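Input: a single structure, listed below in structure tokens.
Model, not experiment: these values are computed from the prediction. Chain letters run A, B, ... following the sequence lines, proteins first, then strands; residues in each count from 1.
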Amino acid sequence: MPIRLHDSATRELRDLDPVVRGHVGIYHCGLTVQGPPHIGHIRKEVVFDVLRRWLLRSGYDVTIIANVTDIDDKVLAKGEEQGRPWYAVAYENERALHAAYEVLGCLPPTYEPRATGHVPEMIEMIGELIERGHAYPADDGSGDVYFDVRSWPAYGELSNQRIDDMQPAEDAPPEGKRDPRDFALWKGHKAGEPESASWPTPWGRGRPGWHLECSAMAAKYLGHEFDIHGGGLDLRFPHHENELAQSRAAGQQFARIWMHNAMLNLGGSKMAKSVGNTLMVSEVVKRVRPIALRYYLAASHYRSIVEFSEEALAEAATAFDRIEGYVTRATEVTGGVEPGDVTPGFAAAMDDDLSTPAALAELQAVIGEGNKLLADADGEALRGNLASVRAMLDVLGLDPLAAPWTGSSGSGGDAALASLVEALIEQRAQARADKDFATADRVRDQLAAAGVEVEDTAQGARWQVKG
RNA sequence: GGUGGGUUGGCCGAGAGGCGAGGCAACGGACUGCAAAUCCGUUUACACGGGUUCAAAUCCCGUACCCACCUCCA
């Protein structure tokens, strides 16, 4: 069965039909590294990480390219504001982004090209566009080079807009533009901007316009036609519209399918620095386990708005505890099994535009069966069930027994703690054997007060640190 | 002004003409020394007003409210 994805260009579900058989090339817009990532940014990473894992499990080779915009107005402004070089700001935030990938279990992209590393490719593309009559250097001496939207009749095809209905682009003063909606491919160096933020071109020194880097880098690493271009819905216009126009006008086919994830809102509006409602990944993972945050983000459909709330996050953590509890218990009983195959229901849900909510419903049903098998002590069936559950969790990047989660949860902790807890549990077991339930309960309460939860099972007491 | 998306039970969150996704919470039962975990069961829905249809949460028309984009944004 083919994988079907919602293409935001045509606004319909389309079969994934790769350019190269057995291989899927994906480009998704990374971050402008002007600040550390918030949980809205990381939602996008989780969405594309799940897509990638599903494609891999479906037998495809995947090349995934995510850009890092390390030079633009905002990065320069941050450098100025913080009194240090713009590139120091960019690099620091790029590292924070990588830390966020890692803490949430997102596989690193195949490659993460930086805009500053691809100026020659951009210059080449600008030359091509000028030659074809779709771009022009500003005649006001600014050194800007603009894309000529009137020269490209399809302009607006991605976001379904007509040029005449659009408001003017404000990425540069309109003086040098032929049409106010023309956008900058290249921005001339301005007095007062650091010399380090400019590169020589046939049109004078300057720096990249935002949109061009993605067109140039996608072509370099994925070719003139590739399978999927993704990013946040807020990038659809103007960023992706402009990328599409540039690349097509330069004679390329560009992306076959456009995938846009919906925003993560807080307090009724999009999480964004300009609104001041951001929650940094590094902060949230202090309150809730990273795997629980990932579950929260993966549990809703990628095209639905997530209205963030602490309550919903806590609830997701509880829901995940049930899943993890099953995996832990089943692993104890079976001695552990490797991930096997996902169920047909799970596969059908994932094939249907990455319907993670339906996939999770399937997973919960399989876990319900597994819990029954656990009660019946049916070893063989239980092994099969656990293998399947682990496979499904792996697709979502939520297998608690896989990297990077191992060791971060369960009854681990340091040896001193374990030895103390086990001594108390031994005392309690003796009290229970003596039917001294008052003492047994007191020990359990003591442990609970210290944040250690004890459960009695047929095999003896299990414990884990909660929180 | 233009372009899209949305409003589902106490909460989260799917579905897209007939059959009550799933989870969390609550309640009852089984299990347990008591719990916890687990299993079984129960309760509360489709923004509002019209219309189409044998049948509408789902299709059509209208209204209200919300979100995103048209300015940097995942």
Side-chain angles (χ1 to χ4, degrees), chain A residues 8 11 28-32 34-35 37-48 66 69 72-75 77 97 156 158-171 181 210 230-241 260-265 268-275 295-296 299-301 303-307 309 311-323 325-326 328-329 345 349 355-365 367-372 374-376 432 435-438 440-441 444-445 448 453-458 461-462:
Chain A
S8 14
R11 289 172 295 284
H28 71 255
C29 286
L31 252 58
T32 298
Q34 52 147 327
H38 59 60
I39 56 175
H41 293 133
I42 212 69
R43 177 186 189 191
K44 187 213 69 176
E45 304 303 341
V46 169
V47 164
F48 285 94
T69 301
D72 90 322
D73 295 4
K74 290 227 164 164
V75 173
L97 174 64
L158 180 63
S159 55
N160 193 30
Q161 299 182 89
R162 288 173 310 175
I163 293 179
D164 293 312
D165 290 336
M166 292 178 195
Q167 292 170 6
E170 290 175 9
D171 59 348
R181 273 133 311 205
W210 176 36
L233 188 55
D234 53 354
L235 295 186
R236 197 164 69 130
F237 190 92
H239 185 51
H240 289 163
E241 187 75 70
H260 288 105
N261 62 280
M263 299 291 98
L264 184 138
N265 288 5
S269 59
K270 177 175 82 165
M271 185 168 285
K273 208 157 193 170
S274 54
V275 184
Y295 178 86
Y296 175 65
S300 42
H301 189 90
R303 287 193 286 119
S304 298
I305 292 170
V306 170
E307 177 64 43
S309 76
E311 296 70 31
L313 179 60
E315 185 181 287
T318 308
F320 186 73
D321 281 346
R322 175 171 177 269
I323 294 171
Y326 166 71
T328 305
R329 276 174 276 120
S355 293
T356 51
L360 277 175
E362 172 76 8
L363 174 67
Q364 313 269 19
I367 286 177
E369 288 306 309
N371 276 319
K372 275 182 257 183
L374 213 41
D376 300 344
R432 290 182 73 212
K435 304 240 185 279
D436 178 4
F437 297 122
D441 289 351
R444 185 169 63 197
D445 291 347
E453 189 174 84
V454 178
E455 291 174 21
D456 295 324
T457 73
R462 304 177 56 235

Excluding sequence neighbours, so at least two apart, what forms side chain to side chain contact (heavy atoms under 4.5 Å, CB included) with [X]?
| X | answer |
| --- | --- |
| A:D234 | A:M263, A:K270 |
| A:H41 | A:L31, A:P37, A:H38 |
| A:A319 | A:Y295 |
| A:P357 | A:H301 |

Round to a whole Å and report the spacing from CG of A:D165 to C1' of B:U3.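 Value for this atom pair: 8 Å.
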Among residues at least two apart in sequence or on other chains, which ones pass side chain to side chain donor-acceptor pair (under 3.5 Å) with [X]?
| X | value |
| --- | --- |
| A:Y296 | none |
| A:D456 | A:R428, A:R432 |
| A:D165 | A:R162 |
| A:E315 | none |

Could you work out the separation of [N] and [M] based on their [atom1] atoms and round it to a whole Å?
| N | M | atom1 | value |
| --- | --- | --- | --- |
| B:U38 | B:C60 | C1' | 49 Å |
| B:U7 | B:C54 | C1' | 29 Å |
| B:C65 | B:U71 | C1' | 26 Å |

Using only side-chain N and O atoms of A:S159, determine if any of them is under 4.0 Å from OP1 or OP2 of B:C70.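 Answer is no, no contact under 4.0 Å.
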Can you pull every protein N or O that's under 3.5 Å from an N or O on nucleotides 23-27 of chain B?
unit_1 : atom_1 : unit_2 : atom_2 : d
B:G23  : N2     : A:E315 : OE1    : 3.4
B:G23  : N2     : A:E315 : OE2    : 2.4

Considering only nitrogen or oxygen atoms on both sides, find all protein atoms under 3.5 Å from nucleotides 64-68 of chain B and state each distance.
unit_1 : atom_1 : unit_2 : atom_2 : d
B:C67  : OP1    : A:G268 : O      : 3.4
B:A68  : OP1    : A:K270 : N      : 3.0

Nearest to the side chain of A:N371, heavy atoms from C-beta on, is which of B:A21, B:A74, B:C39?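 Out of B:A21, B:A74, B:C39, the nucleotide with an atom closest to A:N371's side chain is B:C39.
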Would you please name every residue forming a salt bridge (charged side-chain N to carboxylate O under 4.0 Å, His left out) with A:E307, sequence neighbours left out?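 Scan of A:E307 (salt bridge (charged side-chain N to carboxylate O under 4.0 Å, His left out), adjacent residues dropped) gives none.
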Only stems of 3 or more consecutive Watson-Crick or G-U pairs count here, both distances under 3.5 Å; name the ones for RNA chain B, or none.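 Stem list for RNA chain B: B:1-7 with B:64-70, B:10-12 with B:22-24, B:26-30 with B:38-42, B:47-51 with B:59-63.
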So what does A:N261 hit on the nucleic acid, given a heavy-atom distance under 4.0 Å: a base, only sugar-phosphate, or nothing? base
